[in-house]
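Worksheet: one structure, shown below.
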Amino acid sequence: MNESRYRGRFAPSPTGPLHFGSLVTAVASFLEARSHHGTWLVRIEDLDPLRESPEATRQILASLDAHGLHSDEPVRFQSERHTHYQKLIDQLLDQGRAYRCACSRKELREHGGRHPAHCRDGHANPGDQPFAVRFALHDEHSVWQDQLLGPQSQTVHAELDDPVILRKEGFYAYQLAVVADDIDQDITHVVRGSDLLDMTAQQQQIDRALGAHPPHWMHIPVILNEQGQKLSKQNHAPALDDALAQDNLEQALAALGQDMSRLSGAPDIDTLLERAAADWAPERIHLTAR
Ligand code: GLU
C-alpha cells in the first residue's frame with residue numbers, strides 16, 4: 001500500500017461527552033493513521049436530534065483537542081450532509097436497491113421479519129402513512145479480513161436484515177450515512193469498536209451498491225465497566241476530565257496493551273502521542289473483550 005494514501009477517521013455520535021471508551025477508540029484510530037503517515041479525520045455523526053445535542057458535539061470536540069487529537073481536515077458534520085444522503089437514497093430507489101416501507105416493528109415481528117405489504121417488490125403504497133426507506137440486501141455470505149480480529153465471516157439475509165436508511169421520523173440513518181461519508185471522504189481504513197462488527201457485512205454491500213470498494217477494517221475490543229457492560233453514554237460512563245488529559249491518554253494506551261516503558265511520564269501530550277505512534281503495536285491489543 002502507498003502509505004501516504006492511508007485515510008482514517010474517528011466518527012462519534014454526539015449523544016454525550018467523550019468518555020474513556022470513546023477515547024480508547026479515538027486513540028487507536030489516530031495512532032493507526034499516524035503510524036502509516038496517513039491522514040486522520042474527525043466526523044461528527046449528528047443524525048438524530050432527539051438523542052444528540054450541539055452541547056455534546058462541543059464537548060467532544062473540546063475534549064479531543066485537549067487530548068491532542070486534532071483532525072487533519074475541517075471537522076465534518078453529518079447534519080450538514082442531508083442533500084447528499086437524499087441523492088443517494090433516490091439513486092438506490094431508482095436502482096431497485098432500496099424500497100419504501102410503512103411496516104411497523106410489530107407487523108414485521110409477527111411475520112418473522114417478512115414484509116406483509118411486500119414492500120420490497122414495490123407493491124406497498126404507503127399513501128399518507130409515515131414510511132421508512134430500507135436498503136434491499138442480497139443474500140450473502142461475506143468473508144473478509146479484519147486487521148486485528150483476523151478472518152471474519154458473516155451472513156446477511158435479504159429482507160430479514162434489510163437496514164433502514166431513512167427513518168420514519170425523517171432522519172437519515174447511520175447505516176447509510178456512515179458509508180456515504182466514508183466513500184466521500186475517501187476513507188481507506190476504519191478503526192472502530194467491535195460493537196459495530198456486526199454492521200460490517202451490510203455496510204460492505206451498501207458500499208458496493210454505491211459503486212465503491214469497502215475500506216479496510218480494524219475492530220478493537222470495547223472497554224467494559226465493572227458490571228461487564230460496554231462503557232457508553234447509555235449506561236452513564238463518566239465524562240473525561242480534560243484537565244487530566246495526559247493521564248487519560250496514558251490509561252487509554254495501557255488499555256490498548258501498549259508498552260508503557262517509554263510512554264509513562266512523557267514531558268507533554270504531543271510528545272506522548274508522537275512516541276506512542278512510533279511504538280504503536282496494534283497486535284498488543286488484548287482480544288478478550290468483544
Ligand atoms: N457514529 C458511530 C458511533 O458513535 C461510529 C461509526 C463508525 O465508526 O463506524 O457509534
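First listed ligand is number 1; within each ligand, the first listed atom is number 1. Keep in mind that what you see is a predicted model, and the values were worked out from it rather than measured.
Minimum heavy-atom separation, Ala278 to Arg262: CB-NH2, 4.1 Å.
Atom 10 (O) of ligand 1 has as its closest protein heavy atom Leu196 CD1, 4.1 Å. With respect to atom 5 (C) of ligand 1, the closest heavy atom belonging to the protein is Ala11 O, 3.3 Å.
Sparse packing is recorded around NE2 of His213, with 12 or fewer heavy atoms of other residues, nucleotides or ligands lying under 6.0 Å away.
Tyr174 and Phe10 are not part of a single hydrophobic cluster, where members link through side-chain heavy atoms under 4.5 Å apart.
A salt bridge links Arg167 with Asp48: the distance from a Lys NZ or Arg NE/NH1/NH2 to an Asp or Glu carboxylate oxygen falls below 4.0 Å.
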Would you please test Asp72 and Thr39 for side chain to side chain donor-acceptor pair (under 3.5 Å) and show each step?
CA-CA 6 Å; Asp72 291 321; Thr39 301; 4.9 Å; no

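Heavy-atom distances between Arg9 and ligand 1 reach below 4.0 Å in at least one pair. The closest approach between any non-hydrogen atom of Phe10 and ligand 1 is not below 4.0 Å.
Listed by number with element, the atoms of ligand 1 under 4.0 angstrom from any heavy atom of Arg192 are 7 (C), 8 (O), 9 (O). Close contacts between ligand 1 and Glu45 involve ligand atoms 1 (N), 2 (C), 5 (C), 6 (C) [criterion: under 4.0 Å to a heavy atom].
Side-chain N/O atoms of Gln152 and Thr200 include no donor and acceptor closer than 3.5 Å.
Below 3.5 Å of separation, one finds no N or O of Val178 facing any N or O of ligand 1.
Distances from atom 3 (C) of ligand 1 to the heavy atoms of Pro14, Ser13, Pro12 show the closest one on Ser13.
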